[in-house]
Amino acid sequence: MNLRLYDTAAGDVRDFVPLEDGKVGIYVCGLTVQSEPHVGHVRSAVNFDVLRRWLLARDYDVTFIRNITDIDDKILAKSAEQGRPWYNLTYDMKRLLDKAYADLNVLPPTYEPAATGHVPEMLELIDLLVERGHAYAAEDGSGDVYFDVRSWPAYGELTHQSIDDMEPAEDADPRGKRDPRDFALWKGHKPTEPTTASWPSPWGRGRPGWHIECSAMASKYLGGAFDIHGGGVDLRFPHHENEQAQSRAAGFGFASYWLHNAWITTSGEKMSKSLGNSLLVPEVLKQVRGIELRYYMVAAHYRSHVEFSFEALQDAAAAFRRIEGFLERARTALPAEFHVGTSSGEEPWLSFAAAMDDDLGTPAAVAVIHDAVRLGNKQLTEKDEDGLKSTYAHLHAMLDVLGLNPFDAVWSGASGDDTKLTNAIDVLVAGLLEQRNEARAAKDWATADAIRDRIKAAGIEVEDTPDGPRWTIDGGSN
RNA sequence: GGUGGGUUGGCCGAGAGGCGAGGCAACGGACUGCAAAUCCGUCUACACGGGUUCAAAUCCCGUACCCACCUCCA
């Protein structure tokens, strides 16, 4: 069985064959750190995190580079608006972004290069493009350097467009451009912009254009040719088209596969257009736990639009709690010394793997997980310990691939205070449950139910099981 | 104008010629003092109009509507 991925450049699903056996290099366009991360922003990170985890599960040696863009027009505009240095804005936003990633169990990349740390590499690349006749300094003395799209016949190949069919941008400022579609590799410093946002170059002080950073950083950390380049659909054009054009014009092979994740929208429109803060990651995490939000994202295919709604989010959370509930019951039922091994060529792993190999078919993979949960619940009631061990172990392995294993240490609070608290509650609840048991033994149902209601009022759910009552804090363990 | 994607049941969300993913909700049953949880069962579908085929949600043609991108965007 082979992994197959949808490649935007090919417009179809292709067998994944890495350039070097057993190794995969991935470059993902991260965020421009100019505002607080909302749910839409983190989807991309979650989607590509799943890709990465699946490749790791397939025993690939994965190098995963995800950049941040920390200098651009918007950053300068916003920082000016907010009356603080641009580098303070980007630094703050980056810290919030890191927190959001961590809350969603997105693995840290191998490295996270920032544009401003790679100006020399970009200048080197621009120089090479000028030398090869694919770039030119603006003729109006602005200090800009442009990529010459007409000099690169393959321009448009990634998004299957021809230059002549492209609508010139309404606000295109022709300045010193030879063709309105030429794009900036380097932007000459403007007196209205802070000098801290400019770097020396052969063309005078200035700052990098948007696209060049990814070309420079990808080749620095992954080599001139690498396996997978990812990002949101909106980046296909112009960003990725331009990246590919300039890299290939410079003589690099660049990416073999292009993967693009779809949007999360609200009321049918892009989140960036939505007003209000309710979709910022920390806000959403007031309603559901990080693992539940992640489940919501993983349960949809990465190439499908997700129409965000809190109702759907709550449904997803309920579905996830079913999985979690089983795992907790199974863990209690299994001997404490039972350790989960690695998964192998058995069901349901095989079905799960087949789903994942099919262009990361997480919806089908999640269905396999639910089937396993149903089977496991049956094994639990039938006291089929061997079967239960196997199901439990497989679920661990599958959930690990999706980054959704509730027992993963990342989901529990950072402090050890949780355990203390749990123990304290356990002692208190145990006392009440003892009273309730006495009442039940005396068939005094009114008293028994009153005690249960009282515990419930504290947000603690009591369930009677064949092995006696057990309690859980409402809505999971967060 | 060009390019790409979509429309599935009460809701979410897969599938891509036959064998009805899955979850949530609802209903019935089992279990329970009652619940909860769990299990078993049931129900509501493929935007519209044609066509191809023994067989279409799936392929083809057309129509409608929606979304994204065309140099700020995850």
Subject >> Donor-acceptor side-chain pairing of A:Glu243 and A:His239 below 3.5 angstrom >> reply: yes

Original post:
Is there a donor on the side chain of A:Lys378 or the base of B:rC39 sitting less than 3.5 Å from an acceptor on the other?
Top reply: no

Original post:
To the nearest angstrom, how far is A:Ile455 atom CD1 from B:rA36 atom P?
Top reply: 17 Å

Original post:
Does A:Arg452 make a side-chain donor-acceptor contact with the base of B:rA35, cut-off 3.5 Å?
Top reply: yes

**OP:** Kindly indicate whether the side chain of A:Arg236 and the base of B:rC70 share any N or O donor-acceptor pair separated by less than 3.5 Å?
**Re:** no

Subject >> Pair partner, B:rG10 [Watson-Crick or wobble, under 3.5 Å] >> reply: B:rC24

**OP:** State the pairing partner of B:rA37; accept Watson-Crick or G-U wobble contacts with both distances under 3.5 Å, and report none otherwise.
**Re:** none

Original post:
Is the phosphate of B:rG4, meaning OP1 or OP2, less than 4.0 Å from a side-chain N or O of A:Thr8?
Top reply: no

Subject >> Base-pairing mate for B:rC46 - Watson-Crick or G-U, with both contacts under 3.5 Å >> reply: none

**OP:** Could you let me know what B:rA68 is paired to, Watson-Crick or G-U wobble, both distances under 3.5 Å, or none if it's on its own?
**Re:** B:rU3

Original post:
Between the main-chain N or O of A:Leu107 and the side-chain N or O of A:Asp49, is there a donor-acceptor pair closer than 3.5 Å?
Top reply: yes

Original post:
Would one find a side-chain N or O of A:His370 under 4.0 angstrom from OP1 or OP2 of B:rG22?
Top reply: no

Subject >> Whole-Å P distance, B:rU38 and B:rU44 >> reply: 24 Å

Original post:
Do A:Asp464 side-chain and B:rC31 base share a donor-acceptor contact under 3.5 Å?
Top reply: no

**OP:** Specify the separation, in whole Å, of atom CZ of A:Arg440 and atom P of B:rG33.
**Re:** 7 Å

